[in-house]
Number of protein chains: 2
Amino acid sequence: MSYTYKYPKPSVTVDCVVFGLDDAQKLKVLLIQRGIAPYQNKWALPGGFIGLDESIATAAARELKEETGIDKVFLEQLYTFGEVDRDPRDRIITVAYYALINIGEYVVKARTDAKNAKWFSVEELPPLAFDHDRIFSVAKERLKGKLRYQPIGFELLPSKFTLTQLQRLYETVLEQKLDKRNFRSKILKMKLLVDLEEMQAGVSHRPAKLYQFDKKRYQELEQKEFNFEI
Amino acid sequence: MSYTYKYPKPSVTVDCVVFGLDDAQKLKVLLIQRGIAPYQNKWALPGGFIGLDESIATAAARELKEETGIDKVFLEQLYTFGEVDRDPRDRIITVAYYALINIGEYVVKARTDAKNAKWFSVEELPPLAFDHDRIFSVAKERLKGKLRYQPIGFELLPSKFTLTQLQRLYETVLEQKLDKRNFRSKILKMKLLVDLEEMQAGVSHRPAKLYQFDKKRYQELEQKEFNFEI
DNA sequence: GCAAAAGTGTTCTAGTTACACCCATGC
DNA sequence: GCATGGGTGTAACTAGAACACTTTTGC
């Protein structure tokens, strides 16, 4: 089967920058090792071609699932990259997405075109295929910029978390120290966290209270011109 | 001539949301009237297909020039729209851009596929072709959100402007009244405006001082973690 | 001299920053 | 009992909000 058009067309792909936090609250990104040329064996962002019968966001979610097993996560469009020479084969435009996931919830598995899938610390990335290092750095900036003004950090944590975990997450992503007392009073004043009246377990020090993000309440407040800000 | 591929491909276009301010400091958007089907005679955003030998941003600038005569303006990627049914002909993905221009500098002229080009007040838009009303509203929100944190408003004004003009621009786009004294001291404190020591002419009241935005200085300050904010 | 917009400071309020000690748990 | 992180309030400072009158020009 083949397809013929009157004018030449670029191909269109999606690529996903998947962020996660490990146990030590380090920021990680999920890469796949390419099983096929070009850039065979090189590390790259998971992604692939957009089908004619699926929207771009659907394609991003599908590719993520196919290549890494990850499903039903925060996924948002980042930017579209379309330099003429960004792919050696052909003219390929890619719509990049970024995803935020709680690493603990998934065991990543390489599938289809990927011979391997692995979490890398954002500070020690291997050289990436195509212009994926550029895409990654745009994603990192977006995450950093958006974290303060939108409650997206919770996507990186388990549904029950401690205030210290939350603060570490902010410190890691924003790359700056925050004051413990100021951080806590600011976040609690927003009334977006539910105190679960439950304690952290299995730690060899005073256990911390567990909280949960109240998404429903945030959506209500959002209507009334409430602005999240840390 | 025709082109054959192993897999079917979507087409890729660019569309531009061009904002301008008229003499009465009203926000306007530039639309073209389509000369060809589909949506013949309907108003639409200027745009067209991406060539294989040009980047997306280049294509956006080229289409803008071809269809309206506008050249060398602030042009930034907005979002990529790719719902399956957004174009009745075929699967078409569009990378939307938004442009900010000083209306006074250009006389818009319809060319190529456009039978007409015209400025519309953003409050009284006609029904638009395709999903262009959605694209427009995303652009308007982006402009509104970005205006406070990036010095992009100056792109909408002539290079020499008064503080009142600048304030009106902010009030128009943000859809809120601002306090004259607070606005002035805030913007002047940033030291980004050059006092041209020149007066507004041809007005039947006390003439205002003219200022110019110091882009070079802004770029320097930007390096040093300076943040523009109104 | 009047209409129209330009220009200019101060006070009050709210929010942000800086800062240090006691507490609960596991080993 | 000691090591580890959890939890808590106040004072000083800074930034933002509210607010009214005089000046200059054209007609």
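The structure presented is a predicted model; accordingly, all values stated were derived computationally and were not measured. The sequence lines fix the lettering, A, B, ..., with proteins before strands; numbering per chain opens at 1.
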Gap between atoms CD and C1', on B:Gln176 and D:dA17 respectively (whole Å): 13 Å

Residues B:Glu66, B:Arg62: salt bridge by 4.0 Å N-O rule: yes

Length of the line joining B:Leu178:CG and D:dA18:P, which is rounded to integer Å: 11 Å

B:Lys144 and B:Glu175 ion-paired at < 4.0 Å: yes

Donor-acceptor pair between B:Thr164 and B:Arg184 side chains, under 3.5 angstrom: yes

Separation of A:Asp23 CG from A:Gln165 CD (nearest 0.5 Å): 9.5 Å

Between C:dG7 (C1') and B:Asp195 (CG): distance, integer Å: 13 Å

N/O donor-acceptor pair under 3.5 Å between B:Ser185 side chain and B:Asn182 backbone: yes

d(CD, A:Gln167; P, D:dG5) in whole Å: 13 Å

Of residues 143-161 of chain A, the positions that come close to DNA chain D - non-hydrogen atoms, cut-off under 4.0 Å: none

Nearest-Å distance for atom pair CD1/C1', residues B:Ile187 and C:dA6: 17 Å

Spacing of B:Lys177 atom NZ relative to D:dA18 atom P, expressed in whole Å: 14 Å

Contact nearer the 5' end of DNA chain C, comparing B:Arg168 with A:Lys186: B:Arg168

Whole angstrom value for the distance that separates C1' of D:dG16 from CD of A:Glu229: 13 Å

Touch class at under 4.0 angstrom, heavy-atom based, for B:Thr164 against every strand present: sugar-phosphate

Atom pairs, N/O to N/O, protein against nucleotides 8-15 of chain C, distance under 3.5 Å?
none

Steps toward ring-ring contact (aromatic ring centres under 6.0 Å, His included) verdict (A:Tyr211, A:Phe161): CA-CA 5 Å; A:Tyr211 291 87; A:Phe161 52 84; 7.2 Å; no

Donor-acceptor contact below 3.5 Å, side chain B:Arg34 vs main chain B:Trp43: no

Distance in Å, A:Lys160 NZ paired with A:Gln212 CD, rounded so as to fall on 0.5 Å steps: 7.0 Å

Pair A:Gln167, A:Glu171: side-chain N/O donor-acceptor within cut-off below 3.5 Å: yes

Protein-nucleic acid N or O pairs under 3.5 Å, nucleotides 23-27 of chain C:
residue, atom, partner, partner atom, Å
C:dC23, O2, A:Arg206, NH1, 3.3
C:dA24, N3, A:Arg206, N, 3.4

Carboxylate-amine/guanidinium proximity below 4.0 Å for B:Lys146 and B:Glu76: yes

A:Glu197 bridged to A:Lys209 by N-O distance under 4.0 Å: no

